[in-house]
J.: 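Dropping the structure in here first, questions after.
For reference, positions follow the sequence shown, starting with 1. Note: hydrogens, waters and symmetry copies are ignored here, and every other heavy atom, side chains too, is used.
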Amino acid sequence: GKLQYFDYSAWQRNELAGERRERLLGHWRNKFTPAFTKFCLKYDFIPGENSKASARLSWSAPPKLLSQVRETARRNGHTLFSVMLTALGLAARKMSGGMENLYFLTSFSGRTSPELTDMIGYLNNTLPLCLQLPDAIKLSDALSYASSEVSQAIEFQDLPVFMLLQALDAKPKGTIFLTYIPRGARNCPQVPGIDIIDIGLGDHAASISHDLCVSISENDEDLTVLFL
């Protein structure tokens, strides 16, 4: 019969009970030693106010710029996500006063095989990406480095984030939360009789718990970035 979510859950428990779990943990331990450090934006909070409410800024890439960015990504063998991740990393490094180790939390679909494409269930996993961007790094080197980090994260994405944090005995103290919706993305199965409502990141602007949240949405003709 058709694959059900409980089949996936049973498979996941079995997969993460032994050698594979240790292999996945070994990868992430190497990435996050020492533990998470503090990312601080200048003028991060209003003096005298204790609130998680955030400001909201939306930016759309002009068509010519978007075309140039896509061409740069294509010519160098990178995805648009890697290009945007690099740009955000370099900008965040500057905003944080030169911090070289930057931590991004980003969502992966978890649908890593064709059998999972139409299965109903929540498979998304949020995983950390660590960018180490030293002073005066060349843009081409930064792009290659970011692409490599994304590729490794995809390869080792099967470990749920709560298992990772438990194993590291750590909690991210300062992070950038990044979501990316590529053009043509199909984020969930199409279920007859059920309407899917998109709840954007901006709907949660009053309760942001990260230092910076960035949502990137790409269409054929435009690319929009929302900062919170």
Side-chain angles (χ1 to χ4, degrees), residues 39 41-44 53-96 98-99 102-111 117 124 126-133 135-154 157 175-190 195-206 208 210-228:
F39 172 71
L41 288 174
K42 294 180 179 180
Y43 315 114
D44 201 4
S54 68
R56 173 174 175 160
L57 174 66
S58 181
W59 176 82
S60 295
K64 184 178 180 180
L65 176 60
L66 178 57
S67 177
Q68 291 172 337
V69 171
R70 283 174 174 164
E71 175 57 25
T72 297
R74 185 199 63 78
R75 187 173 61 251
N76 293 281
H78 303 303
T79 64
L80 186 61
F81 175 78
S82 294
V83 174
M84 296 300 295
L85 176 65
T86 302
L88 287 170
L90 293 172
R93 185 188 185 284
K94 183 176 181 179
M95 288 189 297
S96 64
M99 187 173 179
L102 299 167
Y103 297 95
F104 292 80
L105 289 176
T106 192
S107 181
F108 291 82
S109 70
R111 300 180 185 270
T117 301
N124 280 38
T126 300
L127 289 175
L129 294 171
C130 177
L131 292 188
Q132 297 176 341
L133 301 173
D135 189 28
I137 188 173
K138 294 181 179 179
L139 179 59
S140 58
D141 292 339
L143 280 169
S144 297
Y145 175 74
S147 293
S148 175
E149 290 299 303
V150 171
S151 296
Q152 290 182 49
I154 291 173
Q157 68 171 293
T175 52
I176 304 170
F177 187 73
L178 172 64
T179 65
Y180 174 67
I181 305 173
R183 53 180 172 174
R186 186 168 178 234
N187 296 321
C188 60
Q190 302 300 306
D195 295 326
I196 305 299
I197 300 175
D198 177 29
I199 301 178
L201 186 62
D203 296 329
H204 302 282
I208 296 299
H210 302 280
D211 282 336
L212 176 65
C213 290
V214 183
S215 178
I216 303 171
S217 180
E218 179 193 4
N219 295 311
D220 288 336
E221 303 299 330
D222 60 66
L223 181 143
T224 302
V225 185
L226 175 64
F227 299 91
L228 295 173

J.: Hey, does V150 have a side-chain heavy atom less than 4.5 Å from the side chain of L85?
T.: yes
J.: At their closest point, which heavy atom of A142 faces which heavy atom of L133, and how far apart are they?
T.: CB-CD2, 4.2 Å
J.: Around atom CD of E71, are there more than 12 heavy atoms of other residues, nucleotides or ligands at under 6.0 Å?
T.: yes
J.: Using the test side-chain hydrogen bond (donor to acceptor under 3.5 Å, both in side chains), find all partners of D222 that sit at least two apart in sequence or belong to another chain.
T.: N219
J.: With a 4.5 Å cut-off on side-chain heavy atoms, are V225 and M84 touching?
T.: yes
J.: How long is the straight-line distance from CG of L223 back to OG of S60, given to the nearest 0.5 Å?
T.: 8.0 Å
J.: For the atom pair CD (Q152) and OG (S147), what is the distance rounded to the nearest 0.5 Å?
T.: 11.5 Å
J.: Are I137 and L90 side-chain neighbours, meaning at least one heavy-atom pair lies under 4.5 Å?
T.: yes
J.: Does the S144 side chain pair with the main chain of S140, one donor and one acceptor, at a distance under 3.5 Å?
T.: yes
J.: Do T86 and H78 come close enough that some side-chain heavy atom pair is under 4.5 Å?
T.: no
J.: Could you check if a side-chain atom of R93 sits within less than 4.5 angstrom of a side-chain atom of D135, using non-hydrogen atoms only?
T.: yes
J.: If I compare all heavy atoms of L143 with all of S82, which pair ends up nearest, and what's the gap?
T.: CD2-O, 4.2 Å
J.: Could you check if a side-chain atom of Y145 sits within less than 4.5 angstrom of a side-chain atom of Q132, using non-hydrogen atoms only?
T.: yes
J.: Measure the OG1-CZ distance between T79 and R74 for me, rounded to the nearest 0.5 Å.
T.: 14.5 Å
J.: Find out whether I216 and L88 are in side-chain contact, i.e. whether some heavy atom of one side chain is under 4.5 Å from a heavy atom of the other.
T.: yes
J.: Apply side chain to side chain donor-acceptor pair (under 3.5 Å) to the pair T72 and Q68, showing each step before the final yes or no.
T.: CA-CA 6 Å; T72 297; Q68 291 172 337; over 6 Å; no
J.: Using 0.5 Å steps for rounding, measure from the CG atom of L65 to the CZ atom of R70.
T.: 11.0 Å
